[in-house]
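First comes the structure, then the notes that go with it.
By convention here, the first residue in the shown sequence is residue 1.
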Amino acid sequence: MTAVELPVPAPPPLPSPVIDSHCHLDITHEYSGLAVADALSAAADVGVGGVVQVGVDLPSSQRSVEIAHEHPQVVAAVALHPNEAPAVAAAGQLGQQLDRLAELLADPVVVAVGETGLDHFRTDESGRGAQEDSFREHIALARQTGRTLVIHDRDAHRDVLRVLASADLPPRVVFHCFSGDADMARVCGDAGWYLSFAGVVTFRNAAGLRTALDAAPPEQILVETDSPFLTAMPNRGKPNASYLMPYTVRAIAERLDLPLAETCDLLRRNTVRAFELDPGFAG
């Protein structure tokens, strides 16, 4: 085990390796002081063998690419977060920043465009047009580059589905931190999209989300931390990191009524397929 003092004690290791399909190692470092290398070491100790490091603006997207080059167990996603889009557009910089993201997407360590999408929780009516414009541009980037599209959807289910229904989509779509109900899970499942479940699925008040997990096709389920946010029970409210993902994996296994090792293998295979990773990645 790592000798680094962890913000939260590590759980028992998983019997088979999994991949954290969405995390923010850079923000985790800022939030809890856990350095990137230490976070990855702690994750490997418990069976989280690889991560998808996600950018939320231009600097963090650039940093995501750097982290992926520094650590072979990391791949990157780059984008402007939907809550960043209105300010970027108001400054007249949306086109310029999208061009820079396109340059980053030429790097083979970048496997996805995201997180992008719509957020009606933190962005009010005045910024939603710019959000949707940015979302559509990101969809086009993902399609043009053949990368996976990673969607942020907060309190915007209907509008996200409307945009997706009217767009020419890339071959792979992932709903990061899926928050819809069972009906939406079935819509996503029928469309062939992936549903990534975070620590929220372990919360006592998340019965509806667990019902959505029931409705999701098993071959389209992913797992993530969204660290340093959304820490799973029993550590809800404490700093999150990829090494704490086994709590969520165990909750998913229990809900699916599958052996833990089989669940780990399922989630890892799904993540490899969702991001077109090398089959040996984090294996």
Of the non-hydrogen atoms in Gly50 and Ala282, which two are nearest, and what is the gap between them? N-CB, 3.4 Å
Could you pull out the closest heavy-atom pair between Val54 and His24, with the gap in Å? O-ND1, 2.9 Å
In Arg273, Gln220, Arg172, the residue satisfying side chain to side chain donor-acceptor pair (under 3.5 Å) with Tyr194 is Arg273
With the side chain counted from C-beta on, respond yes when [X] and [Y] share a heavy-atom pair under 4.5 Å apart, and no when they do not.
X: Met184; Y: Arg158; answer: no
X: Thr231; Y: Val8; answer: no
X: Leu40; Y: Ser242; answer: no
X: Val75; Y: Phe275; answer: no
X: Leu213; Y: Phe178; answer: no
X: Thr211; Y: Asp181; answer: no
X: Leu101; Y: Leu58; answer: yes
X: Arg100; Y: Gln62; answer: yes

Please tell me whether [X] and [Y] are part of a single hydrophobic cluster in this structure, the criterion being side-chain heavy atoms less than 4.5 Å apart.
X: Trp193; Y: Val150; result: no
X: Leu266; Y: Val272; result: no
X: Val18; Y: Leu222; result: no
X: Met245; Y: Val4; result: yes
X: Leu141; Y: Val65; result: yes

Would you compute the distance between atom CD of Glu84 and atom CD of Glu115 and round it to the nearest 0.5 angstrom? 10.0 Å
Do [X] and [Y] pair up side chain to side chain, a donor and an acceptor below 3.5 Å, judged on atom types alone?
X: Asn240; Y: Thr225; value: no
X: His71; Y: Glu66; value: no
X: Ser196; Y: Ser21; value: yes

Hey, is the main chain of [Y] close enough, under 3.5 Å, to the side chain of [X] for a donor-acceptor pair?
X: Arg210; Y: Phe203; result: yes
X: His176; Y: His22; result: no
X: Asp57; Y: Ser60; result: yes
X: Arg128; Y: Thr123; result: yes
X: Thr116; Y: Ala79; result: no

Just checking [X]: does its [atom1] atom have more than 12 heavy atoms from other residues, nucleotides or ligands closer to it than 6.0 angstrom?
X: Glu103; atom1: CD; answer: yes
X: Asp257; atom1: CG; answer: no
X: Arg162; atom1: CZ; answer: yes

Salt bridge flag under 4.0 Å for residues [X] and [Y]:
X: Arg122; Y: Asp119; value: no
X: Glu254; Y: Arg250; value: no
X: Asp265; Y: Arg268; value: no
X: Asp26; Y: Arg63; value: no

side-chain contact (heavy atoms from CB on, under 4.5 Å) assessment of Ile19 paired with Val51: CA-CA 5 Å; Ile19 300 166; Val51 306; 5.7 Å; no
Could you please spell out the steps behind the side-chain hydrogen bond (donor to acceptor under 3.5 Å, both in side chains) verdict for Arg236 and Thr202? CA-CA 9 Å; Arg236 183 178 182 179; Thr202 71; over 6 Å; no
